[in-house]
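To start, the structure itself, in structure tokens.
Here is how names work: the chains are called A, B, and so on, in the same order as the sequence lines, proteins then strands, and each is numbered from 1. Worth knowing before you read on, the calculation uses all heavy atoms, side chains too, and leaves out hydrogens, waters and symmetry mates.
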Amino acid sequence: MSGLASELSAIARQAFAAEGLSESFGQVQASDRPDLAQFQCNGALAAAKSAKANPRAIAQKVADRLKANPIFAKVEIAGPGFINLDVADAALTERAAASGFDPKPNGKSVVIDFGGANVAKPMHVGHLRSSVIGDCLQRLFRANGWHVVSDVHLGDWGLQMGQLISEIGHRGIAPLYFDADFKGPYPEQSPVTMEDLEEIYPAASAACKADPARLEEARKATADLQAGRPGYRALWEHFFAVSKFGLEREWGSLGVHFDLWKGEASVEPLIAPMIADLKARGVTEVSEGALVVPVAQEGDKKEMPPLILIKSDGAVLYGTTDLATIVDRVKEQDPDLILYVVDQRQHLHFEQVFRVARKARINGKAELEHAGFGTMNGTDGKPFKTRAGGVMKLHDLIATMTAEAAKRMDEQGIAKDTGAEERAGIARKVGLGALKFADLSNFRLTDYIFDLERFTRFEGKTGPYLQYAAVRIQSILRRAGDEGHASAPPVVRSAEERALVLQLLALPEAMAAAENNRAPNVLCEYAFELAQKFSRFYSEHHILSESDEAVRASRIGLCETTLAALTKVLDILGIEVPERM
RNA sequence: GCACCCGUAGCUCAGCUGGAUAGAGUGUCGCCCUCCGAAGGCGAAGGUCGCAGGUUCGAAUCCUGCCGGGUGCGCCA
């Protein structure tokens, strides 16, 4: 699937090449001045700079070649050497009918690492962005033809495990697992529930903070766990199983799915051989009792601390498991890219890990990339908190969004003809759509302010507005079916239809741009513009009430095409459209 | 101290591989429902793009230095 601008670029590239200039100057994009033209090519200006020639003269030569192609209705030179282009309606009509969304495999594979959850900890608002952005990226890369493997990469092997174990030891909840003489087998039933863990972990964490002796115990337990102590390992298995069950439910309610449920612990067997390999390659050093890999490079603008592979107490850190995970992924998937959708605050960490991986050449052919993101803040501009000042759990946030959506629907008289059950389902989709759209429509790296009232509006640039727009089109098409109206491929006959078709034909570029920048906000913007252009078309034209049968059929076809594109983009954003509302 | 991210309309934000008159939503003010869902459409007002230099025919965009906010900086994740 390739968009209209790409097609025009290919034509312009040939024209530049025929003039003995670099093809790269032929890039055509949607015009910045829609009042002057549909598309523009600025290449003549850049070409003139490198060739030390007159830009207008180059533009003229290229334009003369472009004029020979019947796809263009207009080729004009403006200002210092812009080439302004309009596409013939016949060409738009032809392409509008042929547009489709089947991804063509591009032969490349990517592992996307997102979710950011930890064993034994409930998901809170901090996990929202990683989940929502990561899920959008996995959907986008798939839609663009990549082979995608998504992995939660659970935090399940660090100090927090030792903290849990030692806290449980203190409480005497499950003494069997601490009995060094016990030979097993251990019970299948977990001695703790997810609810227990949610209470135990904060207590353990606080105890370690308050008392250095407790922290030391937790460190020891962590090292023992990692060294394979059977009772601890058995306890860990329970933590993992219980947590996974809870996490799957939470992500399920968000509509987020992972291909792999691996974690730090799952690469544990790879750590020892990897460290041996790193030593053999001579990249390691012993520093202050720890095994480290220096990663500072010539020309670094900032201080770059070494990556610690093994702490002085023998335990490993998450940098070590991250490296072993790269080894695992190269072995299992051999991807072209590994993308980490993790809080921007961890950027330095990833820079360190990536440097070690490249230095030791353990990343195969994979590019390693950290796609960081900013935080969701409260109206005070600080990271989002509950009224009580605590961290809000994710399912409470979703419940809040759903309740607000239901309230809005009542106020606006939306979905008033539906039964209670359907209404609840709609409110849930709308609440989630509001939340996801608000999160995704900001540029990834910037922080944004959570504003319940604004996010759930049915007007403006919001998820609910887009869902509503899609539902309206569905409603028109349902009526068309009821009234026995036929549909036909859309034909461009008016300015509004032309603008709408141009927008439809720009979808591949939007998807490509979103992929290149790992920027879901590009898709949000696209979806909103599409909905707006449809509204303009809708307000200016009769559809079902159009008396000319051919025109009516073509407009119904345009509704179908628009709905398909809108639904497609919303699907990539992870936003569901209700049947009706 | 050093580094990274950010600073654009009253508010919330796009735009940042340099290009024409800097955009959107919201808010404010007009106009448009005897016609398919007005949650909409059309229009107006609103900006020294943090500040100062530099590169360039051309800078919100690239470079340098300041100012302001956020974040990070070897044995947490």
Side-chain angles (χ1 to χ4, degrees), chain A residues 27 31-33 35-36 40 42 45-46 48-49 55 78-82 84 116 118 121 155 157-160 163 205 208 215 218-219 222 264 287-292 294 300-313 315-319 321-322 342-349 351-352 372 374-375 377 381-383 408 412-414 438 441-443 445-449 451 454-455 457-462 464-465 468-469 471-473 475-476 479-480 483 496 516-517 521-522 524-525 528-529 531-532 535-546 555 559 581:
Chain A
Q27 192 183 324
S31 178
D32 294 332
R33 294 282 307 272
D35 53 319
L36 298 181
Q40 63 182 346
N42 299 344
L45 293 155
K49 197 170 199 169
F82 302 106
N84 285 334
N118 295 302
K121 291 194 219 171
W157 204 233
L159 180 64
Q160 78 271 30
Q163 291 176 321
S205 177
C208 290
L215 181 59
R219 286 211 172 106
T222 307
E264 296 166 339
S287 167
E288 298 170 37
L291 187 70
V292 305
D300 275 348
K301 284 209 246 169
K302 60 190 162 190
E303 242 179 278
M304 186 62 70
L307 184 83
I308 296 175
L309 288 173
I310 303 178
K311 295 196 289 179
S312 47
D313 69 1
V316 297
L317 292 165
Y318 77 134
T321 52
D322 278 352
V342 180
D343 195 309
Q344 181 64 12
R345 286 176 289 195
Q346 298 203 31
H347 192 72
L348 177 62
H349 164 73
E351 183 63 33
Q352 290 177 286
T375 57
N377 294 339
K382 299 200 176 120
R408 284 301 176 111
Q412 311 265 356
I414 284 178
S441 59
N442 287 291
F443 180 64
L445 283 168
T446 56
D447 298 341
Y448 72 97
I449 294 175
D451 185 338
R454 190 161 58 81
F455 292 175
R457 282 184 198 167
F458 279 84
E459 71 236 11
K461 201 184 284 185
T462 67
Y465 166 79
Y468 181 74
V471 166
R472 261 169 66 196
I473 303 174
S475 165
I476 294 168
R479 277 194 55 181
E483 293 172 16
E496 291 78 17
N516 290 337
N517 301 312
N521 65 306
V522 171
C524 293
E525 192 62 32
F528 183 71
E529 280 176 20
Q532 271 189 323
S535 285
R536 214 161 287 163
F537 156 74
Y538 175 81
S539 69
E540 290 298 317
H541 296 292
H542 292 267
I543 299 172
L544 302 178
S545 49
E546 168 60 46
R555 287 182 184 158
C559 290
M581 58 198 276

d(CD1, A:Ile308; P, B:G74) in whole Å: 8 Å

Does B:G1 pair with anything, Watson-Crick or G-U wobble, both distances under 3.5 Å, and if so, with which nucleotide? B:C73

For B:C5, decide between syn and anti, treating a glycosidic angle within 90° of 0 as syn. anti

Which nucleotide, in any strand shown, forms a Watson-Crick or G-U wobble pair with B:A44, with both distances under 3.5 Å? B:U28

How far does the P atom of B:G50 sit from the matching atom of B:G7, given to the nearest Å? 7 Å

Please check: side-chain N/O of A:Ser441 versus main-chain N/O of A:Cys524, any donor-acceptor pairing under 3.5 Å? no

Across all strands shown, which nucleotide pairs with B:C57 by Watson-Crick or G-U wobble geometry, both distances under 3.5 Å? B:G19

Round to a whole Å and report the spacing from CD of A:Glu351 to C1' of B:C5. 15 Å

A:Val471, nearest nucleotide to its side chain (from B:G41, B:G37, B:G15): B:G37

OP1, OP2 of B:U71 versus side-chain N and O of A:Gln346: anything below 4.0 Å? no

Whole-angstrom distance between B:C42 and B:G47, as gauged at atom C1': 24 Å

Which nucleotide, if any, forms a Watson-Crick or G-U wobble pair with B:A14, using both distances under 3.5 Å? none

Is there a Watson-Crick or G-U wobble partner for B:C33 with both distances under 3.5 Å, and if so, which one is it? none

Is there a Watson-Crick or G-U wobble partner for B:U64 with both distances under 3.5 Å, and which nucleotide is it? B:A52

Plane angle bin for A:Tyr318 and A:His349 - parallel if under 30°, tilted between 30 and 60°, otherwise perpendicular: parallel

Just the rounded figure in Å: distance from P of B:A77 to CG of A:Asp322. 10 Å

Does the structure show A:Phe528 stacking with B:G25, if we require the centres to be closer than 5.5 Å and the planes to be within less than 30 degrees of parallel? no

Can you tell which of B:C35, B:C57, B:G19 lies closest to the side chain of A:Ser545? B:C35

